[in-house]
Amino acid sequence: GNSVTQMEGPVTLSEEAFLTINCTYTATGYPSLFWYVQYPGEGLQLLLKATKADDKGSNKGFEATYRKETTSFHLEKGSVQVSDSAVYFCALSERADSWGKFQFGAGTQVVVTP
Amino acid sequence: DAGVIQSPRHEVTEMGQEVTLRCKPISGHDYLFWYRQTMMRGLELLIYFNNNVPIDDSGMPEDRFSAKMPNASFSTLKIQPSEPRDSAVYFCASSLGQGAGNQPQHFGDGTRLSIL
């Protein structure tokens with residue numbers, strides 16, 4: 001079956017540091033890949049997505065590249081801010097599925113200190 | 001456009017009571033999902049609907065849980081009787097079926113449920 005594996009948190013770093021959150025997946029077909037962010041007390045919000053190999057999703061300074069050869073979709077940001085403190089979820093959706101069911105990773109908590 | 005709207009935002013009740021959580025999906029979305037989030041188990045899919053019809057309820061923990069979608073703009077998740085272990089944040093999400101797999105799910109802000 002499909003699965004998503006994320007690096008465990010919490011990840012603690014200082015403001016302006018470089019952030020990487022690793023995400024790898026297993027899928028039977030050709031999934032679309034997503035990163036969601038959850039701020040305290042809120043629901044999950046779509047951060048970025050990529051729908052085919054070598055696509056790069058980007059938003060708010062975050063980037064992730066769909067790497068089919070390594071089945072990975074690592075999230076990166078060059079200079080984090082305190083406001084980036086949140087839980088980040090990697091997710092996949094099998095394009096072949098007619099109902100768009102998502103497989104979410106366990107989430108990685110990121111804490112950015114001033 | 002309004003996002004997914006859930007009510008109530010917070011619910012505190014005693015064990016044994018009936019709890020009803022409500023969700024209004026984004027207009028035009030034909031898929032609706034109910035999730036439960038806890039520290040121990042993370043984000044779990046409970047059930048999802050397509051065009052108001054339940055498609056997969058394999059994630060519903062037990063018979064005490066039931067979900068309905070009487071029309072395209074409203075869904076409920078009911079727990080009866082409630083137990084302390086049901087305490088969690090419950091999320092509703094909706095998405096467009098067209099181009100399924102490429103379309104993101106849009107989440108509400110959740111209902112934080114505490115069963116005493």
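Labels below follow one simple rule: chain letters A, B, ... track the order of the sequence lines, proteins then strands, and each chain is numbered from 1.
For B:Gln37, the part lying near chain A is the side chain, with the backbone staying farther off; criterion is any non-hydrogen pair under 4.5 Å. Within the 4.5 angstrom heavy-atom criterion, only side-chain atoms of A:Leu46, from C-beta onward, approach chain B. Looking at A:Gln45, neither its backbone nor its side chain comes within 4.5 Å of chain B, counting heavy atoms on both sides. B:Arg41 does not touch chain A: none of its heavy atoms, backbone or side chain, sits under 4.5 Å away.
Closest of all the heavy-atom pairs between B:Gly108 and B:Phe91 is O-CD2, 3.4 Å. Looking at every heavy atom in both residues, B:Pro104 comes nearest to A:Lys49 through CD-NZ, 4.1 Å.
Between A:Phe104 and A:Phe102, the two ring planes are tilted [angle within 30° to 60°].
Counting only distance, with no hydrogens or angles, the side chain of B:Ser87 and the backbone of B:Ile115 share a donor-acceptor pair below 3.5 Å.
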